[in-house]
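Worksheet for the structure shown next.
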Amino acid sequence: MKLLRINFRGVIITDKQKKEQCPQILLLNQIEMRTTMKAQKSNNTFFEHLKNQNRDFIIVFVILYICFCHVTMLESPKDQSRSGRPTKDDRKLPSNPEEVEDLRRDSAANPLIAFTFGELKLITGNFRQDHLLGGGGFGNVYKGLITKDLREGLQPLQVAVKVHDGDNSYQGHREWLAEVIFLGQLSHPNLVKLIGYCCEDEQRVLIYEYMSRGSVENTLFSRVLLPLPWSIRMKIAYGAAKGLAFLHEAEKPVIYRDFKTSNILLDQDYNAKLSDFGLAKDGPIGDKTHVSTRIMGTYGFGVVLLELLTGRKSLDKSRPAREQNLTDWAIPLLKEKKKLLSIVDPRLEGDYPIKGVHKAAMLAYHCLNRNPKARPLMRDIVDSLEPLQEPEDVQNEKPVLTVIHGVADGQLKGKEGSM
Ligand SMILES: Nc1ncnc2c1ncn2[C@@H]1O[C@H](COP(=O)(O)OP(=O)(O)OP(=O)(O)O)[C@@H](O)[C@H]1O
Ligand SMILES: [Mg+2]
């Protein structure tokens with residue numbers, strides 16, 4: 001009796017069961033078949049009946065197997081994109097300030113000003129060429145001034161206006177939006193402040209606080225400016241590290257994927273602020289956080305620290321072949337005290353604390369470890385750089401800049417600066 005009951009359950013299945021319970025039913029059928037074989041041996045009177053049953057089993061088994069494969073294919077992750085779900089590229093980007101604010105509603109900590117394109121023309125003197133601060137992958141950046149009479153309630157403020165170059169690419173608009181979203185919710189002394197944006201027709205513009213000394217790239221590798229003193233280099237490294245540590249330790253960590261000297265901007269007092277969040281993405285939350293941010297953040301930091309130490313660009317095609325890639329050339333020399341001094345920026349003319357140089361070099365060495373898990377956390381880097389800072393009052397006594405007339409706007413203005 002028991003045998004018959006099992007057979008009954010295995011053979012008669014509804015369509016719904018076929019879809020939902022295929023694996024289980026298959027298993028059940030295998031058990032059934034084995035049980036049936038045993039029953040054949042022990043009870044010959046059922047022989048003919050069981051032969052027919054086995055044939056039925058094979059037919060059902062084949063049907064169920066086909067059904068099982070079909071369901072598994074439908075659930076395969078590879079096929080999800082083909083199953084009609086929206087892909088990343090299908091998602092609609094906002095096309096006006098209302099839609100931008102709708103998107104920002106849940107996350108926005110900072111109020112942003114939605115400028116009209118007409119207002120930006122006034123701010124930048126109609127994007128005058130002599131207001132041009134530079135240009136990058138996104139488009140040109142202009143210096144601008146918000147005046148009191150631009151709009152009621154606005155305070156006078158110098159700004160940098162970054163204009164998307166108008167290719168209207170999805171990528172450009174997506175980066176613009178990422179910048180608005182990330183910088184709209186983050187606020188820290190070492191992140192450049194986003195003042196507002198413009199989203200009008202095809203125009204996509206970002207309006208930042210103006211950083212009067214431009215980028216670290218322009219300042220560190222300039223042929224016309226005086227070399228940055230060691231203490232300023234360490235101040236820049238410290239500020240940038242604090243910015244990155246803040247991002248990594250945020251409630252929702254942010255992986256800043258574009259860490260390089262051109263994206264570290266300097267205010268009048270050489271406070272470093274990170275800019276360009278177009279490539280940033282949310283970091284993992286929970287256990288995996290530190291692993292991923294180590295990989296993404298600290299190697300890049302090691303490269304920038306090495307650039308500050310040596311005064312060389314991470315890639316410089318104008319140098320002899322074996323010196324073109326900075327990390328390949330410098331890493332083997334970082335650990336040897338005597339050789340280390342031979343790679344420190346010669347423009348410093350020996351004006352640096354040897355112990356400080358050694359510590360900074362060891363820090364760069366650890367950041368550049370091939371094994372991502374062996375690299376320090378950003379917080380450890382901040383702690384290591386802290387003792388390498390000169391007290392502000394000592395820094396203030398050192399003259400660091402001399403005016404060179406005709407230097408591009410945003411790099412230098414005024415006479416004999418001092419820190
Ligand atoms: N807030 C700002 N204040 C002053 N100058 C700025 C500001 N933002 C950008 N700049 C200047 O504009 C120039 C271009 O910046 P942008 O970020 O567009 O390009 P990039 O960083 O050189 O290249 P990439 O597109 O790879 O980021 C930089 O050299 C920088 O000096
Ligand atoms: Mg940039």
Check for a donor-acceptor pair, side chain of [X] on one end and backbone N or O of [Y] on the other, with a separation under 3.5 Å.
X: Asn110; Y: Leu183; result: yes
X: His131; Y: Lys143; result: yes
X: Ser212; Y: Gln268; result: yes
X: Gln389; Y: Leu385; result: yes
X: Gln158; Y: Leu145; result: no
X: Thr298; Y: Phe301; result: no
X: Asn126; Y: Arg128; result: no
X: Asp267; Y: Asp269; result: yes
X: Thr219; Y: Arg213; result: yes
X: Trp329; Y: Gln324; result: no

Please find the pair of heavy atoms, one from [X] and one from [Y], that lie closest to each other, and give the distance.
X: Ala374; Y: Asn369; value: CB-ND2, 3.5 Å
X: Arg104; Y: Ile181; value: CG-CD1, 4.1 Å
X: Phe117; Y: Cys198; value: N-SG, 3.7 Å
X: Pro376; Y: Ile381; value: CG-CG1, 3.9 Å
X: Cys199; Y: Pro94; value: SG-O, 4.0 Å
X: Ile146; Y: Phe115; value: CD1-CZ, 3.7 Å

Item to complete: May I have the step-by-step check of side-chain contact (heavy atoms from CB on, under 4.5 Å) for Leu266 and Val216, ending in yes or no?
Response: CA-CA 7 Å; Leu266 300 170; Val216 170; 3.9 Å; yes

Worksheet entry | Atom CG of Leu315: over 12 foreign heavy atoms under 6.0 Å |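 More than 12 within 6.0 Å, yes.
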
Worksheet item: If you count the non-hydrogen atoms of other residues, nucleotides and ligands that lie under 6.0 Å from OH in Tyr365, is the total more than 12?
Response: no

Salt bridge flag under 4.0 Å for residues [X] and [Y]:
X: Arg204; Y: Glu175; value: no
X: Lys260; Y: Glu217; value: no
X: Arg379; Y: Glu249; value: yes
X: Glu390; Y: Lys235; value: no

Check whether any side-chain heavy atom of [X] lies under 4.5 Å from a side-chain heavy atom of [Y], and answer yes or no.
X: Glu200; Y: Thr116; result: yes
X: Leu206; Y: Val161; result: no
X: Leu122; Y: Leu150; result: yes
X: Asp276; Y: Phe138; result: no
X: Leu157; Y: Tyr210; result: no
X: Trp230; Y: Met234; result: yes
X: Tyr197; Y: Pro97; result: yes
X: Leu274; Y: Asn190; result: no

Discussion item. With side-chain hydrogen bond (donor to acceptor under 3.5 Å, both in side chains) as the criterion, how do Asn325 and Thr327 come out once you've worked through the C-alpha distance, each side chain's angles and the decisive distance to 0.1 Å?
Written reply: CA-CA 6 Å; Asn325 184 313; Thr327 50; 2.8 Å; yes

Worksheet entry | Trace of the side-chain contact (heavy atoms from CB on, under 4.5 Å) decision for Asp351 with Glu349 | CA-CA 6 Å; Asp351 189 8; Glu349 296 177 335; 5.6 Å; no

Worksheet item: Please walk me through it: do Phe259 and Tyr299 pass ring pair (Phe, Tyr, Trp, His ring centres under 6.0 Å)?
Response: CA-CA 10 Å; Phe259 189 74; Tyr299 187 88; over 10 Å; no

Worksheet item: Which word best sums up how the rings of His164 and His173 line up, parallel for under 30°, tilted for 30 to 60°, or perpendicular for over 60°?
Response: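 Rings of His164 and His173: perpendicular, over 60°.
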
Discussion item. With salt bridge (Lys or Arg N to Asp or Glu O under 4.0 Å) as the criterion, how do Glu323 and Arg312 come out once you've worked through the C-alpha distance, each side chain's angles and the decisive distance to 0.1 Å?
Written reply: CA-CA 10 Å; Glu323 296 182 22; Arg312 293 178 178 225; 2.9 Å; yes

Approximate separation, where rounding is to 0.5 Å, of [X] [atom1] and [Y] [atom2]:
X: Leu334; Y: Leu306; atom1: CG; atom2: CG; result: 5.5 Å
X: Leu228; Y: Leu308; atom1: CG; atom2: CG; result: 8.0 Å
X: Leu220; Y: Ile232; atom1: CG; atom2: CD1; result: 12.0 Å
X: Ile343; Y: Leu341; atom1: CD1; atom2: CG; result: 9.0 Å
X: Asn140; Y: Thr124; atom1: CG; atom2: OG1; result: 11.0 Å
X: Leu247; Y: Lys242; atom1: CG; atom2: NZ; result: 14.0 Å

Worksheet item: Would Arg233 and Leu348 count as a side-chain contact (heavy atoms from CB on, under 4.5 Å) if you check the C-alpha gap in whole Å, the side-chain angles of each, and the deciding distance to 0.1 Å?
Response: CA-CA 11 Å; Arg233 297 180 195 216; Leu348 288 169; 3.7 Å; yes

Item to complete: Applying side-chain contact (heavy atoms from CB on, under 4.5 Å), run through Leu340 and His358 and close with a yes or a no.
Response: CA-CA 8 Å; Leu340 169 65; His358 180 65; 4.1 Å; yes

Discussion item. Show, in sequence, the C-alpha distance, side-chain angles and deciding distance for Lys313 and Asp316, and conclude whether the salt bridge (Lys or Arg N to Asp or Glu O under 4.0 Å) test is met.
Written reply: CA-CA 6 Å; Lys313 292 185 178 186; Asp316 189 346; over 6 Å; no

